[in-house]
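The structure appears right after this line, and notes come after that.
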Amino acid sequence: MKTVVVFSGAGMSAESGIDTFRDGGGLWEQHRVEDIATPDAWNRNPDLVTRFYNERRKIIIGANPNKAHHDIANMEHLANVHIVTQNIDDLHERAGSTSVHHLHGNIRYSKSSGPNQEKEFFQIDGAELGAADLCPDGYRLRPHVVWFGENVPAYESAVLILNEADILIVVGTSLQVHPAAGLIQFASEAEQKFIVDPNADSLAVPNDFIRVNKVASEGFAFILDKLKFIP
Ligand SMILES: NC(=O)c1ccc[n+]([C@@H]2O[C@H](COP(=O)([O-])OP(=O)(O)OC[C@H]3O[C@@H](n4cnc5c(N)ncnc54)[C@H](O)[C@@H]3O)[C@@H](O)[C@H]2O)c1
């Protein structure tokens, strides 16, 4: 079977009603990044940061996977499918995808704000993380998300996944967040590469990408029609 790697960003979940970051009305128009998504913001005001992510978590819990999430999950009947996602929502998993690699963490989990942040992740029961929630070492729990200015511990393993791609499908990402955006270069052996985005024409990808100027649900229907999965 062919190996399909899907590299997804915020636009993947737009049709599920979850705001992207950079489109009109997106999250960054409503909040200043330095107030809510940096280690400094946490050190200054952990309650504000916790509240921001509690609100995001509530929206994500209330959202449902969209048709594109389901199409990707169903592709597992036809190919080896691996997802590398910049999204912190869990909609790929809830659609049934079994190989989901979160580059920027998963909002449904927390981790220690102490020195051993990557040691263990704790599933959050419901939407609320609170000030009294502590890790076993006694540090306050913070959302399991990668903030601006932080390392991306899942990057190296993502490179290995991209290396394996026979087919690469990039969807719903402006390719402006680094180092995530650079990952597409590691699918150098892929025989077919697609980018699905209503603004695909304006995105910075090499010439060997097929640009699919559509929203995720329509884009996947289009690609599935085109792909031949015969081993
Ligand atoms: N759902 C989430 O978990 C979520 C939401 C917002 C932001 N983020 C985080 O913010 C960062 C933002 O970078 P990014 O590149 O992922 O997002 P981005 O906001 O920078 O770009 C979103 C892209 O999606 C496209 N888009 C909008 N609607 C679409 C649709 N219906 N179908 C397909 N594409 C659509 C836009 O044209 C744009 O190119 C990521 O690191 C991610 O971790 C995550």
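Atoms within each ligand, like the ligands themselves, are counted from 1 in listed order.
Heavy-atom proximity to I88, at under 4.0 Å, picks out these atoms of ligand 1: 2 (C), 3 (O). Near I18, meaning under 4.0 Å from one of its heavy atoms, ligand 1 places the atoms 1 (N). In summary, the atoms of ligand 1 found under 4.0 Å from a heavy atom of G9, numbered by their order in the structure, are 16 (O). Atoms of ligand 1 found under 4.0 Å from any heavy atom of D89, numbered from 1 in the order shown, are 1 (N), 2 (C), 3 (O). Distances below 4.0 Å separate heavy atoms of E15 from the following atoms of ligand 1: 31 (N).
A salt bridge links K2 with E191: at least one charged nitrogen is closer than 4.0 Å to a carboxylate oxygen. Using a 4.0 Å cut-off between charged side-chain N and carboxylate O, R142 and E150 make a salt bridge. Salt bridge absent: R51 and D47 never bring a charged side-chain N and a carboxylate O closer than 4.0 Å.
F222 carries K214 over the face of its six-membered ring, with the cationic atom under 6.0 Å from the centre and within 45° of the normal.
Using a non-hydrogen distance threshold of 4.0 Å, D19 registers as a contact of ligand 1. Distances from ligand 1 to the non-hydrogen atoms of Q176 include no value under 4.0 Å. Between V171 and ligand 1 there is no heavy-atom distance shorter than 4.0 Å.
Between N199 and ligand 1, at least one N/O pair is under 3.5 Å apart. Where the criterion is an N or O separation shorter than 3.5 Å, residue side chain and backbone included, G172 meets it with respect to ligand 1.
Neither the backbone nor the side chain of I107 comes within contact range of ligand 1; no heavy atom lies under 4.0 Å.
With 3.5 Å as the limit, one finds no donor-acceptor pair spanning the side chains of T85 and H102. Between E15 and S217, the side chains place a donor N or O and an acceptor N or O closer than 3.5 Å (distance only, hydrogens not considered).
When N66, D90, N87 are checked for heavy-atom proximity to atom 4 (C) of ligand 1, N87 turns out nearest. Nearest-residue assignment for atom 35 (C) of ligand 1 (options A181, P198, A14; heavy-atom criterion): P198.
Taking 4.5 Å as the limit, every side-chain heavy atom of F121 sits out of range of all side-chain heavy atoms of S110.
The side chain to side chain contact (heavy atoms under 4.5 Å, CB included) search around K193 returns L168, A190, D208, F209, not counting sequence neighbours. The side chain to side chain contact (heavy atoms under 4.5 Å, CB included) test applied to H101 returns V84, A154, S157, A158, I161, not counting sequence neighbours.
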